[in-house]
Amino acid sequence: MLTAVYTRVSTGVQAAEGHSLAVQREQCIHYALALGASQADIRVYEEAGASGEDMDRPALLALLDDARRGAIARVVIKHPDRLSRNVADKAIIVRELQQCGVELHFVDVPNWDQSDEAVLLFHIISSIAEYELRQIRRRTLSGKLRAAKGGQYMPTGIDPYGYRYENGKLVIVDSEAAVVRMIYRWYAYEQLSLRAIAKRLDALGVPTKTRLSTNWSHATVGHILANPMYTGTWYFNRRTTRKALRLARRVPGLKRSNRRIVVGWRQPSDWICIPVPRIVDSALAKAVNARRRSRARGRTAKAKRHLLGGYLICSICHQTWYSAASDNGKGITQRWYRRPPEAVKQTPRCPYRCKRVPAAAIEQVVWREFVHRVMKSQVWDDVWDHLSGSAIHGDDSGAADDLRLMAAQLATIEAAKGRLATLYAYGDLDVNTYTVRKREAEIRWHALREQVCRRCIAKRTEAMERKAERERIEAWLLADRDIDPEERRAWVEAVIDRVELDARGESVHITVRSRFEL
C-alpha cells in the first residue's frame with residue numbers, strides 16, 4: 001500500500017520558483033517516514049499553480065482515484081489549507097478518503113481527529129483558511145483597481161485582436177491592426193454586412209487570434225466594430241462575474257468550474273477608463289458609428305409593427321423577406337410576410353413561387369419556439385439561479401454547503417461514538433463514563449439530524465416554489481398579452497440570428513437559428 005504526499009501552491013510564480021513545493025514535499029516525506037512508511041512506497045502528488053478554491057485539480061483527482069482503487073493507505077499533507085480553502089469542499093474530500101479507509105495526516109495539525117476538541121480545532125483552522133482566501137481575493141481586486149486607476153492595463157486570458165500584451169503594456173501588432181482597419185473601412189465605406197465581412201476575411205485566408213477556429217464569424221466582426229479599445233479607450237471594472245456552475249467530473253456534489261460568466265454590469269461611474277494605443281482614426285470610427293446608429297433606428301421602426309422584419313429568410317434562395325400590410329375590404333388590416341420582388345433585389349427570378357404567409361401565425365410559432373429555447377437554456381438557468389437564489393432567496397450554494405458540513409459533522413459524531421466503544425472495550429473507560437459520553441453523543445447526533453431534516457424540507461419546499469414561479473413566467477411569456485412589441489423585438493434580436501422558412505408547398509416549414517448556443 002502506498003503513502004501519498006499531496007503538495008499544492010496557488011500561483012505560477014511559486015510553482016516556477018519551487019520553494020514552497022520543495023518545503024512541503026520535504027516535510028511531508030519526513031513525516032511519512034516517521035509514520036513507518038518506506039521511501040519506495042511514497043508517491044508524491046504535486047499541484048503547481050492551482051487555487052485552493054477550485055476542486056477540479058488534476059493531482060487531487062488522481063489521488064482520489066487511487067484511493068478509490070485501494071492503492072493508498074494514508075495521505076500526508078503539510079496543512080489543511082493545502083487540501084482546500086473551502087470548508088464544505090474540504091469536508092467532502094475528508095469524507096471520501098475516510099470511506100475509502102485512507103488515513104489522513106496533517107504535518108502542522110497532528111492527531112486532528114483523535115478527539116472532539118481536535119476536530120473542532122480542525123474546523124476552526126479550515127474556516128480561517130477560507131477567510132484568508134476571501135481576504136486574498138479582496139486584496140487582489142483592490143490591487144487591480146488601484147493599478148487600473150493608475151493607467152495600467154489588466155491582461156486577460158487572450159490578448160485583444162490587434163494587440164499583444166508586453167511588459168505591462170499593450171503593443172500594436174501591425175498585421176492584425178491592418179485587418180482591423182480593413183474591417184472598419186469595409187463596413188463604413190463599402191457598406192458590407194457583418195456576414196459579408198466575415199466571408200471576405202475567410203476568402204483572404206486571414207487567421208483568427210487564437211487559431212482554434214479557422215473561420216471568422218459575424219459576431220466576432222461585430223465585437224471588433226463595437227469595441228472602443230480600437231479608438232484608444234479601454235474600460236476596466238465594467239462587469240460582475242462569477243464562476244460557472246456545472247456538475248463535477250469525479251467528486252460528487254461539487255459544481256464549480258474555472259470558467260467565469262458575466263452576471264451583471266456595473267454603473268458607468270464605476271468604470272475605469274485606461275488609454276491604449278489607437279488603431280482606428282477618429283474619422284473612420286465616426287463613419288462606422290453613424291452606420292451602426294442608422295441600422296439601429298431602422299430596426300426600431302420595423303419593430304413597432306413586425307416582430308420578424310429583416311430576420312425572415314427563404315431557406316431556398318436565401319433572400320430576406322419583407323413585411324407588408326393589406327386591407328381585406330372590411331376595414332380590417334392584415335399583415336403578411338412576402339418574398340422580395342426581383343426588381344427590388346436585382347437578382348435572377350427565383351424558380352420557386354413561394355406564397356405569402358400570415359405574419360401573426362408565423363410570429364406566434366417563432367415566439368413560442370423562442371420562449372421554449374430560452375427557458376430550457378443554460379443561460380436562463382444561470383440567470384435564474386443568480387436572481388432567485390442570490391437576490392431573492394439567499395445563496396442556494398451556501399445552503400448546500402451547510403448541508404454538506406452538517407453531514408460531515410454527523411459522520412464525526414458517529415466516528416466519536418465508535419472510538420468511545422473501542423475505549424470501553426479495552427477498559428480505558430468505566431461503564432458510567434462510557435454511558436454518559438455515549439448519551440451526550442447521541443443527543444448531539446439526534447439534534448443535528450433533526451436540523452438537517454428541517455433544512456432539507458425547507459430546501460425542497462423552496463425548490464418547488466421556484467419551479468412553480470418559473471412555470472408561471474413561462475406561461476405569461478407564452479400568453480403574450482401584456483408584453484410591449486418593442487420589448488419582444490429586443491428579446492428576439494438578442495437571441496435569434498435568423499428564421500428560415502420554406503413556403504413552396506401547402507405547408508410552411510420554419511427553422512429558427514439562434515445567435516449563440518442556448
Side-chain angles (χ1 to χ4, degrees), residues 153-165 170-236 238-239 241 244 258-263 265 274 276-281 284-296 299 310-311 313 318 320 373 377-379 382 490-500 512-518:
Y153 173 79
M154 294 290 105
T156 56
I158 300 176
D159 294 336
Y161 193 88
Y163 295 95
R164 180 178 64 254
Y165 184 72
L170 279 183
V171 179
I172 294 178
V173 179
D174 293 335
S175 58
E176 295 179 357
V179 174
V180 172
R181 297 187 189 98
M182 281 195 305
I183 292 175
Y184 271 68
R185 285 195 294 268
W186 291 343
Y187 186 81
Y189 301 141
E190 297 187 27
Q191 299 291 302
L192 293 181
S193 66
L194 303 183
R195 295 184 184 280
I197 293 175
K199 290 181 180 179
R200 181 178 288 189
L201 291 174
D202 291 337
L204 294 175
V206 178
T208 58
K209 184 69 175 182
T210 62
R211 272 61 169 182
L212 297 178
S213 175
T214 57
N215 296 325
W216 285 76
S217 68
H218 69 283
T220 302
V221 175
H223 291 158
I224 290 177
L225 292 171
N227 196 342
M229 173 179 288
Y230 298 110
T231 58
T233 302
W234 180 70
Y235 294 99
F236 181 70
R238 290 191 301 173
R239 303 172 296 183
T241 62
N258 295 329
R259 184 175 62 89
R260 303 193 71 87
I261 60 175
V262 177
V263 296
W265 293 81
I274 299 176
V276 295
R278 175 191 291 266
I279 291 180
V280 178
D281 58 58
L284 184 55
K286 288 181 179 178
V288 167
N289 291 334
R291 187 188 174 197
R292 293 178 70 240
R293 286 194 298 269
S294 65
R295 288 176 61 85
R299 286 193 172 184
Y311 281 85
I313 298 175
H318 305 291
T320 303
R373 287 194 185 188
S377 67
Q378 183 62 41
V379 175
D382 291 340
W491 289 351
V492 168
E493 288 181 347
V495 175
I496 294 179
D497 183 31
R498 64 187 183 278
V499 178
E500 300 176 356
V512 179
R513 305 291 184 185
S514 300
R515 180 159 299 177
F516 54 88
E517 184 179 356
L518 293 174

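Every residue two or more places apart in sequence or in another chain that forms a side-chain contact (heavy atoms from CB on, under 4.5 Å) with Ala287 is listed here: Ala188, Tyr189. Residues forming a salt bridge (Lys or Arg N to Asp or Glu O under 4.0 Å) with Arg185 (at least two apart in sequence, or on another chain): none. Every residue two or more places apart in sequence or in another chain that forms a side-chain contact (heavy atoms from CB on, under 4.5 Å) with Val173 is listed here: Arg164, Ser175, Glu176. Among residues two or more places apart in sequence or in another chain, the salt bridge (Lys or Arg N to Asp or Glu O under 4.0 Å) test is passed with Arg181 by none. The side chain to side chain donor-acceptor pair (under 3.5 Å) check on Ser217 picks up Thr220, with sequence neighbours excluded.
Counting heavy atoms from C-beta on, the side chains of Trp186 and Val221 never come closer than 4.5 Å. Looking only at side-chain heavy atoms (C-beta outward), Tyr161 and Val179 come within less than 4.5 Å of each other. A 4.5 Å side-chain heavy-atom check between Leu225 and Leu194 finds at least one atom pair inside the cut-off.
Of the possible polar contacts, none joining the Arg513 side chain to the Glu500 backbone as a donor-acceptor pair under 3.5 Å is found.
Listed by first and then second residue, the salt bridge (Lys or Arg N to Asp or Glu O under 4.0 Å) pairs involving residues 195-208 are Glu190-Arg200, Arg195-Asp497 (not counting sequence neighbours).
For the atom pair CG of Asn227 and CD1 of Ile279, the computed distance is 9.5 Å after rounding to the nearest 0.5 Å. Separating the CD1 atom in Ile183 from the CH2 atom in Trp216 is a distance of 4.5 Å, to the nearest 0.5 Å.
Under the 30°/60° scheme for interplanar angles, the aromatic rings of Tyr230 and Tyr163 are found to lie parallel.
Between Asp281 and Arg278, the closest heavy-atom pair is C-NH1, 3.9 Å. In terms of heavy-atom proximity, Leu170 sits nearest to Pro160 at CD2-CD, 4.4 Å.
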